[in-house]
Amino acid sequence: MTTAIGVVMTERIVTGRLEDRKIAGELLRYPEDPEAQEALASMPPSELVETIAGQIDALMRATPGAQPDAIGVSVPGIVRGGVVEESPNLPQTKGMRLAADLAKALESRGITAPVYAGNDADAIAAGVASTRGRLDKLTRVWTIGKGIGYGRWPYAEGVWEGGHITVTLDPKEKYCGCGGLGHLEGIMGDRAMRMRFLDLEPEEVFANAKKGDPRCREFVDLWHRALAGATASFIHLAGPGRFYFTGKNAGFLDLPLLRSHLETMVRMSPLQSFSLEILPPDDETALVGAGVSALRAMTEGKC
Ligand SMILES: [Zn+2]
């Protein structure tokens with residue numbers, strides 16, 4: 001039996017134990033109050049590491065004497081070689097040697113296990129692949145929320161900032177938080193939508209489009225075309241296959257509309273066997289994926 005610990009750090013820290021790649025026992029959430037969403041944003045990096053270590057320690061106390069085979073932590077942003085290179089939503093973690101620092105904090109608590117740090121969207125892709133018994137297949141996930149994330153399983157060396165892929169050459173498309181022109185997130189991201197519609201919240205834009213408001217309808221079509229364009233690019237690079245959509249704004253997605261735009265963009269017949277699916281929102285998939293990614297990295301000697 002393999003035991004892994006999965007940790008997901010987004011607005012909250014969720015920690016859980018996996019036995020043979022399945023969740024065993026209760027998940028721990030920090031902060032426990034779901035309303036306290038800003039708690040992590042103001043926490044210094046050393047405190048974040050101590051908090052995660054404390055959560056893992058608490059979990060392991062429930063099974064005295066056991067040691068995990070591997071520990072996986074997933075965070076939003078660019079994570080390479082155990083180091084958080086960029087994390088727009090948790091800016092204080094930029095440059096953090098997350099894997100090494102956490103391993104050290106755990107060691108002082110008597111827990112020794114290889115620690116693997118990865119991107120949160122990659123963790124969702126790993127979690128979907130694992131729970132559906134498709135660990136041998138390419139799985140891709142778009143996370144549609146505050147920002148736009150792109151995740152893939154199996155892990156492949158690279159940056160994979162799919163949310164910042166260029167989907168338009170229109171110089172007026174400048175709403176991406178990174179400052180780049182024509183980016184997917186500059187159309188689909190929350191902040192970008194607020195900057196475009198200064199008077200409307202994203203929910204109102206989609207609601208107004210349903211009621212027939214021409215400006216909102218036009219934008220909702222652009223929102224879908226942008227996602228279709230980015231997805232088509234990945235199909236042209238890595239091939240067709242399964243794409244999953246998740247995140248707080250995935251509910252805005254109209255899959256038939258997305259598919260109809262994709263069909264205008266992907267015309268080569270060997271590439272047309274793609275499938276699209278919306279995942280129900282949960283934090284367990286990413287947690288499973290964090291643990292599964294750590295186990296895979298361990299067997300490959302990467303953590
Ligand atoms: Zn960008």
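First listed ligand is number 1; within each ligand, the first listed atom is number 1. Values below: every heavy atom of this structure, side chains too, minus hydrogens, waters and symmetry copies.
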Please determine if D57 and R61 form a salt bridge, counting it only when a charged side-chain N lies under 4.0 Å from a carboxylate O.
yes

Test: R225 and E218 ion pair at under 4.0 Å:
no

Which distance, rounded to the nearest 0.5 Å, do you find between the CE of M60 and the OG1 of T3?
6.5 Å

For R259, what residues pass the side chain to side chain contact (heavy atoms under 4.5 Å, CB included) criterion, not counting sequence neighbours?
E263, F274, L276

Tell me who clusters with L287, hydrophobic residues only, linked when side chains sit under 4.5 Å apart either directly or through other members.
V8, V14, L18, I23, L27, L135, W153, V288, V292

Taking only residues two or more places apart in sequence, or in another chain, which ones meet Y150 in a ring-ring contact (aromatic ring centres under 6.0 Å, His included)?
W142, F234

Ignoring water, what protein N, O or S atoms are under 2.8 Å from the Zn ion (ligand 1)?
H164 ND1, C176 SG, C178 SG, H183 ND1

